[in-house]
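Numbering of ligands and ligand atoms starts at 1, following listing order. Numbering of residues begins at 1 and proceeds along the displayed sequence. Keep in mind the model is a prediction, meaning the values are calculated, not measured.
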Amino acid sequence: MTKTSPPHKIIGVAVIWNDLGQILIDRRLPEGVMGGLWEFPGGKIEPGETVEDCIKREIHEEIGIEIEVGEHLTTIDHTYTHLRVTLTVHHCRHLTGIPQPIECAEIRWVNLDELEQFEFPQANFQIIQVLRQSV
Ligand SMILES: Nc1nc2c([nH]c(=O)n2[C@H]2C[C@H](O)[C@@H](COP(=O)(O)OP(=O)(O)OP(=O)(O)O)O2)c(=O)[nH]1
Ligand SMILES: [Mg+2]
């Protein structure tokens, strides 16, 4: 018998900083996979797209703002029960536009030490740990 692997999603993820040193997080829609959890905005890398292109496009589509994609922060490979994700995370800088919850339930600017007050998917514990060490 062959064991099939769970679907694998390759995701570009943005840690977006504003001039006050805050980070943008969004809350996933209540329905669906990991519904209602908070996350760093991002989404699937499309064929032929670089991670940087993907992050810029997703943030424009989902949040309606322009950002500068900066340094690579970390890449996390995590397997959930029925899903494997590879999250490539970059530091980004907010340039223009007011964040809008276009494809999510809610959006917030938070300080690094406030992140623990929000419920994130399991893979994010690693991202947040690396993030704390990076600043
Ligand atoms: N954007 C983002 N996704 C995350 C984080 N942590 C984490 O486990 N994920 C997972 C949740 C999703 O399964 C996947 C992101 O893919 P996605 O946003 O394109 O997919 P989705 O679940 O919204 O569904 P769909 O677009 O395929 O319909 O990565 C995070 O911090 N940010
Ligand atoms: Mg998404």
Kindly indicate whether the side chain of Q122, heavy atoms from C-beta on, has any atom under 4.5 Å from the side chain of N124. no
Within the 4.0 Å heavy-atom shell around K44, which atoms of ligand 1 are there? 17 (P), 19 (O), 20 (O), 25 (P), 26 (O), 27 (O)
Determine the sole option in T88, V130, V13 for which the side-chain contact (heavy atoms from CB on, under 4.5 Å) test with T74 is passed. V130
Other residues, nucleotides, ligands: >12 heavy atoms within 6.0 Å of I98 CD1: no
Test of understanding: given a 4.0 Å heavy-atom threshold, classify the contact between Q122 and ligand 1 as side chain, backbone, both, or neither. neither
Between H82 and Y80, is the ring centroid distance below 6.0 Å? no
Using heavy-atom distances, let me know which of N124, L29, V85 sits nearest atom 7 (C) of ligand 1. N124
In the hydrophobic clustering that connects Ile, Leu, Val, Met, Phe, Trp and Tyr at side-chain heavy-atom distances below 4.5 Å, which members other than V51 occupy its cluster, ordered by chain and number? I10, I16, L24, I45, I55, I59, I63, I65, I67, V69, I107, W109
What part of H78, side chain from CB on, backbone N/CA/C/O, both or neither, has a heavy atom under 4.0 Å from ligand 1? neither
If the threshold is 4.0 Å, N to carboxylate O, is there a salt bridge linking E61 and R57? yes
Element-labelled atoms of ligand 1 that are located less than 4.0 Å from some non-hydrogen atom of G42: 1 (N)
Checking salt bridge (charged side-chain N to carboxylate O under 4.0 Å, His left out) between R27 and each of E106, E39, E62, which is the one that passes? E106
Of the side chain and backbone of F120, name the one, both, or neither that has a heavy atom under 4.0 Å from an atom of ligand 1. neither
Go through the structure and list residues passing side chain to side chain donor-acceptor pair (under 3.5 Å) with W17, not counting sequence neighbours. H91
Filtering V13, L87, V33, I10 for the heavy atom nearest atom 9 (N) of ligand 1 leaves L87
Below 4.0 angstrom from a heavy atom of K9, which ligand 1 atoms are there? Numbered from 1 as shown, please. 20 (O), 21 (P), 22 (O), 24 (O), 25 (P), 27 (O)
I need the atoms of ligand 1 closer than 4.0 Å to a non-hydrogen atom of L83, numbered in the order shown. 13 (O)
Which atoms from ligand 1 have a heavy atom of Y80 less than 4.0 Å away? 7 (C), 8 (O)
Any nitrogen or oxygen of E62 lying under 3.5 Å from a nitrogen or oxygen in ligand 1? Just yes or no. no
